[in-house]
2 protein chains.
Amino acid sequence: MPVKDVGTEQLIRETARRVFFVEGKLHATTQDIADAAGINRPSLHYYFRSKNELIKQVYEEAKGEMAVKANAVLGSDLPFREKVEHFITIFFNYVTGSPYLQSFLINEIKCKNPLLPKNTGTPPDVRKFLSEVEEEMKKGTIRTTSPENFMINLFALVSYPIIMKPLYLDFFEYSSDDYDRLMMERKAMIMEMIFG
Amino acid sequence: MPVKDVGTEQLIRETARRVFFVEGKLHATTQDIADAAGINRPSLHYYFRSKNELIKQVYEEAKGEMAVKANAVLGSDLPFREKVEHFITIFFNYVTGSPYLQSFLINEIKCKNPLLPKNTGTPPDVRKFLSEVEEEMKKGTIRTTSPENFMINLFALVSYPIIMKPLYLDFFEYSSDDYDRLMMERKAMIMEMIFG
DNA sequence: AAATTTGCTGACAAATTTGTCAAACATAAT
DNA sequence: ATTATGTTTGACAAATTTGTCAGCAAATTT
């Protein structure tokens, strides 16, 4: 958990991210965040006008970061198979590191801040990737469906099991370690599912 | 949205479910729920000692319902292929009807109510299903992995795209209708992915 | 070194949310 | 009609959460 010494503002932002995305405290109060950051609440208000402002910044930052990450991976010029493999690795780690990020995002989209600024830029190199996918389907490397669904499958197979871990631990009475062992198998399995 | 006329208590419970699971208002106040139900707040406290009590009941009810549903579908005596197909249909509809349910559950598990009663019964007929999966793998009907991951894939491929719809609409600037059209393709596609 | 800016703090105020209670109300039983 | 029982309501109180502000301290500038 590297905390840059760039100053209190950054510290607060990063702490908020940790509380929301890693610890999953979606109802965290400003006091919770201040405590976690080891500062006091008025400081938080000094740097961020309001709680909403802090959340908005963290939200935008996270959304942007995710887009950049997807962009970098899907837009790279690796051969297709390697690109998919790389994507799985990168996003597996990313989601594992911030398991509550996506839940936070969908919650913010619907719940509060009804007028969050529209998405900054148009889609990333996702377009490029989607046409690559289409090409591979024509070549017969992968099963034929809509490229969009191919990509959604990729995200689903990588993200969902990590995001929902608490639920499955509860449902199926697995130990955390057992579950993690299952996760280890998944990269190879997903590759197998896609490329046969 | 059928609201039984069985009385206020039931009305409140069902309204709470709607607000949380369908509308995704995870931060809803007791006032929000009372308003949505067309009653006033003290009534809510008359039937449920506290907000926490209401949430606990709704949480338990939903978790149980989900287990029952999974049980009924996975424990049926349909042939394997039909069973999987049936599962996809049933859960696609279920998740579509309550897209925020799973988010609500994982949030409650970690966030509040640290001492929610442990899972009621041991796993459902999931065991049975898992051994059926194993058998099919031996028969070569489906790809070989751990049966648990097979099942997790099923849940992931069905649930994730529906749950994360708001996120993907935002990211890829799809219209809601376009996205829904993608969803329609998925049942056939998932069957294809699994049975080749 | 005085002055100005910048960051931090405790104490306070406002707003929101939750919980309580006694009185009003309805309905059915006595 | 009166009582008893369960339900609803307005008014109030408590608790929680958010936001403000004047003052203090450290650092920077002049």
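All values below come from the heavy atoms of this structure, side chains included, with hydrogens, waters and symmetry mates left out. Throughout, protein chains are lettered first and strands after them, A, B, ... in sequence-line order, and every chain is numbered starting at 1.
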Non-neighbouring partners of A/Y174 that pass ring-ring contact (aromatic ring centres under 6.0 Å, His included), sequence neighbours left out: none
In this structure, how many angstroms lie between the C1' atom of C/dG7 and the CD atom of A/Q10, rounded? 16 Å
Under the salt bridge (charged side-chain N to carboxylate O under 4.0 Å, His left out) definition, can you give me all pairs with a residue in residues 66-75 of chain A, not counting sequence neighbours? none
Which residue pairs pass the side chain to side chain donor-acceptor pair (under 3.5 Å) test with at least one member in residues 129-140 of chain A, sequence neighbours excluded? A/K83-A/E132, A/E136-A/K139, A/E136-A/T141
Does A/F195 have A/R81 sitting over its ring (NZ/CZ under 6.0 Å from centre, angle to axis within 45°)? yes
Starting at atom CG of A/L54, determine the distance to atom C1' of D/dT18, rounded to an integer number of angstrom. 13 Å
Take atom CD1 of A/I12 and atom C1' of C/dT9, then tell me their distance rounded to the nearest Å. 13 Å
Please check if any side-chain donor atom of B/K51 sits under 3.5 Å from a side-chain acceptor atom of B/T29, or the reverse. no
Roughly, in whole Å, what's the span from CD in A/E9 to P in C/dC8? 10 Å
Would you mind listing every ring-ring contact (aromatic ring centres under 6.0 Å, His included) that reaches into residues 132-155 of chain B, with sequence neighbours excluded? A/Y168-B/F155, B/F87-B/F155, B/F91-B/F155
Does the side chain of B/S146 come under 3.5 Å of the side chain of A/E185 through a donor N or O and an acceptor N or O? yes
Protein and nucleotides 22-28 of chain C: nitrogen or oxygen contacts under 3.5 angstrom:
none

When you check the side-chain N and O atoms of B/E65 and B/Y94, is any donor under 3.5 Å from an acceptor? yes
Side chain B/N71, main chain B/D125, donor-acceptor under 3.5 Å: yes
Round to the nearest Å and state the distance from B/H27 atom NE2 to D/dT16 atom P. 18 Å
Can you list, in residue-number order, the parts of residues 39-48 of chain A that come under 4.0 Å of DNA chain D, counting heavy atoms only? A/R41, A/P42, A/H45
Grab the CG-C1' distance between A/N52 and C/dA15 for me, whole Å please. 14 Å
Watson-Crick or G-U wobble partner of D/dA4, both distances under 3.5 Å: C/dT27
Taken to the nearest whole Å, CD/A/Q31 to P/C/dT9 is 13 Å
Whole-Å distance between D/dT20 P and A/K51 NZ? 15 Å
